[in-house]
Amino acid sequence: MSEQNHKVITRFAPSPTGVLHVGGVRTALFSWLYARKHNGEFVLRIEDTDTERSTALFEQDIIDGLAWLGLTYDHFYRQSERAPEHRAHLERMLAEGSVYEAEDNKDGTGKVIRFKNTNETITFADVVRGDITFDTTELGDFVIARDIDHPLYHFAVVADDYDMGITHVIRGEDGISNTPRQILIGRAMGAPRPVYAHIPLILAPDKSKLSKRHGAVSATAYRDAGYLPEALINFLALLGWNPGDEREIFTRDELIRDFSLDRIQKSGAVFSTEKLNWVNKEHSKRLPPEIAAEEVVRHFPDRDSTIVKAITPLVLERISVWSDIDTLCEAGEFTYFFTEPQIEAEKLSWKDASREDTMRHIDKLIEMLQEADYTHPDTIKASVWDYAEAEGRGAVLWPFRYALSGKEKSVDPFTIAHIIGRDQTLARLHVARSACDI
RNA sequence: GGCCCUAUCGUCUAAUGGUUAGGACAUCACCCUCUCACGGUGGUAAUCGGGGUUCAAAUCCCCGUAGGGUCACCA
């Protein structure tokens, strides 16, 4: 059964009983990467046979999350819509005697369908962990369907994987103990045994299973927080997999090219938002400038977009996620590019420089900046640099920057002057000059 | 508890019997610098414990310990 002869078909089979969380995303990602790498197919199968707990809202969240991340699928199924196929398998197996009807132990009415366990030791070769052996005796004649029209999880999974030609079952580590009984069912059904790869779980910082109480866990929440989909994918790919060299930043295509099942880690990995933020920042830096500017503009809804575009590089080096822009703006971080700042006279002087000296420097700055070339921060710098060097950079440049920004921490004065232009620069210096005079 | 899986810096990981145990995030220091951010350089920091096997063990074996998963007429 060499892999080369068969087209690779993988699947992601979530139940819509909750949002698509990062653990699910990574499971989907690994399956998707493997299928894409081998020019195979990727199936999304919504396992909604539990009508009590499944909701359309969760199903939509899963679909939206995968769409945002660009994890495209070639086939879409809802397990609930495959009742006829399930029934056919069940009828055939009933006839063959590999499964049988039995008393309903729960309420004594009706009958359930049980698997006739052959009580063997089953060994399967997990791609990630090597041989895993179970004694299936303890499973007993487990129930595989409530009745002929209501198959249970294990049966439905095996029947669907068979019918959909799934060659590689890539799923979370929590699927390991399900595998023996699925192998048993598959064999009785006449299905070829797929390759199994059980990937490690994603953990919270305290090493427990990741859940809502650990903050944002759903893919769409990361979307809404302003993460780049390729960054989340890059980060998640590196959680439990590595390329074998020291690269950390990958495009989607690079991941497809370099991904392999045999470099998947065995142990669980803690999800680190700090590292995710770093990865996101690295991806932001690599964004085409126009695209980045467009996104930044969106976060300055009522501002002059020409100015916003001009300050985009400054914004980018101060954020890791888009929503950081809003946080910085609320703190008044970039307002001085758009409106004249409020300044306080006592903050105008550098360290213990005297008010007289500061006044003198401002006068000189006004004089020099009258005729300066504003086409580039460097040309502005050139016109005042010699003076600043001679008088003490701090003594000259601090008041310069403070006059323009009204902030103790800000972008450098040359860049601000370049962006706000000659008139604004001179106007603000005059305001500072008179504030000094009072 | 039974069964199964796992164990390298705080975190993600590399090293498929021989390395000063490497890289990244975070952190610290220094440099750049008027401030902030960016950037640069350097530092601190790990093989869970105990036994084997071997000339040689993070690596192979066994026993502990710890963590996780799973034990439904849920998925």
Side-chain angles (χ1 to χ4, degrees), chain A residues 13-18 46-54 79 102-107 110-114 126 128-130 132-139 142-147 150-154 156-157 172-181 198 200-203 205-209 235-236 238-249 262-263 265-279 281-282 285 313-319 328 333 350-351 353 388 392-402 405 407-415:
Chain A
S15 66
T17 55
I46 302 290
E47 308 218 322
D48 56 349
T49 51
D50 183 349
T51 52
E52 303 275 294
R53 298 195 301 144
S54 299
Q79 201 160 50
E103 278 294 299
D104 184 334
N105 293 335
K106 214 167 195 180
D107 53 19
K111 298 223 190 283
V112 296
I113 300 176
R114 289 182 178 276
D126 188 279
V128 177
R129 287 149 219 283
I132 298 176
T133 301
F134 280 90
D135 180 3
T136 61
T137 306
E138 60 195 66
L139 265 28
F142 52 90
V143 177
I144 58 167
R146 286 200 187 96
D147 59 60
H150 294 94
L152 260 14
Y153 170 70
H154 291 293
V157 165
E173 191 184 346
D174 46 352
I176 292 179
S177 46
N178 292 332
T179 305
R181 80 183 81 194
H198 288 96
L201 264 20
I202 295 182
L203 278 22
D206 63 357
K207 302 254 188 192
S208 69
K209 207 171 170 180
F235 171 72
L236 253 16
L238 258 19
L239 225 48
W241 173 83
N242 74 80
D245 54 43
E246 284 169 353
R247 286 172 298 156
E248 301 260 13
I249 302 301
D262 51 18
R263 293 202 67 90
Q265 196 74 12
K266 293 188 184 71
S267 52
V270 173
F271 186 94
S272 158
T273 303
E274 282 177 340
K275 184 134 188 183
L276 168 61
N277 287 346
W278 174 76
V279 172
K281 187 160 195 160
E282 291 299 312
K285 284 184 199 166
L314 308 171
V315 174
L316 287 179
E317 57 188 38
R318 284 166 175 78
I319 62 164
L328 290 175
E333 210 56 54
W350 169 245
K351 290 185 176 168
R393 292 180 206 165
V396 177
L397 298 178
W398 174 276
F400 183 19
R401 191 179 56 75
Y402 182 77
S405 68
K407 301 197 65 94
E408 297 180 75
K409 299 173 179 178
S410 78
V411 172
D412 72 87
F414 315 116
T415 304

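In this text the structure is predicted, and so the values were computed from the model without any measurement. Throughout, protein chains are lettered first and strands after them, A, B, ... in sequence-line order, and every chain is numbered starting at 1.
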Spacing of A:Gln79 atom CD and A:Ser15 atom OG [to the nearest 0.5 Å]:
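Reported value, rounded in 0.5 Å steps: 9.5 Å.
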
If I take atom CG from residue A:Leu139 and atom CZ from residue A:Arg181, how far apart are they, to the nearest 0.5 angstrom?
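One finds 4.0 Å between CG of A:Leu139 and CZ of A:Arg181.
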
Inter-nucleotide [atom1] distance ([N], [M]), Å rounded:
N	M	atom1	result
B:rA14	B:rU59	P	16 Å
B:rC25	B:rA75	P	44 Å
B:rA66	B:rC48	C1'	7 Å
B:rG1	B:rC55	P	40 Å
B:rU65	B:rC28	P	39 Å
B:rA37	B:rG43	C1'	23 Å

Check: [X] side chain, [N] base, donor-acceptor under 3.5 Å:
X	N	result
A:Arg318	B:rC36	yes
A:Lys275	B:rA24	yes
A:Arg401	B:rC34	yes

Salt bridge present between A:Lys111 and A:Glu103 (N-O < 4.0 angstrom)
yes

Would you indicate what [X] reaches in the nucleic acid, counting non-hydrogen atoms under 4.0 angstrom: base, sugar-phosphate, or nothing?
X	value
A:Lys285	sugar-phosphate
A:Thr49	sugar-phosphate
A:Thr133	sugar-phosphate
A:Asp135	nothing
A:His198	nothing
A:Arg263	sugar-phosphate
A:Pro413	base
A:Tyr153	base
A:Ser410	base
A:Gly240	sugar-phosphate
A:Leu201	sugar-phosphate
A:Gln265	sugar-phosphate

Can you tell me which nucleotide in [options] comes closest to the side chain of [X]?
X	options	answer
A:Phe414	B:rC34, B:rC3, B:rA24	B:rC34
A:Ile176	B:rC4, B:rC74, B:rU8	B:rC4
A:Ala269	B:rC34, B:rA75, B:rU13	B:rU13
A:Val112	B:rC5, B:rC73, B:rC12	B:rC73
A:Lys207	B:rU11, B:rC73, B:rA75	B:rU11
A:Leu152	B:rG69, B:rC73, B:rU33	B:rC73
A:Ile132	B:rC12, B:rC34, B:rC4	B:rC4
A:Asp412	B:rU11, B:rU35, B:rC5	B:rU35
A:Glu274	B:rA14, B:rC25, B:rG23	B:rC25
A:Glu317	B:rA75, B:rA37, B:rC34	B:rA37

When both hydrogen-bonding distances must be under 3.5 Å and the geometry is Watson-Crick or G-U wobble, what is [N] paired with, if anything?
N	value
B:rA15	none
B:rA29	B:rU41
B:rC60	B:rG52
B:rG67	B:rC5
B:rU47	none
B:rU35	none

Tell me whether the OP1 or OP2 atom of B:rA14 has a side-chain N or O from A:Asn242 closer than 4.0 Å.
yes

Going by atom types alone, do A:Thr179 and A:His198 pair a side-chain donor with an acceptor below 3.5 Å?
yes

Applying side chain to side chain contact (heavy atoms under 4.5 Å, CB included) to A:Glu248 and A:Asn242, what does each step give before you reach the verdict?
CA-CA 9 Å; A:Glu248 301 260 13; A:Asn242 74 80; over 6 Å; no

Please determine whether side chain to side chain contact (heavy atoms under 4.5 Å, CB included) holds for the pair A:Leu236 and A:Phe271, giving the CA-CA distance in whole Å, both sets of side-chain angles, and the decisive distance to 0.1 Å.
CA-CA 9 Å; A:Leu236 253 16; A:Phe271 186 94; 3.8 Å; yes

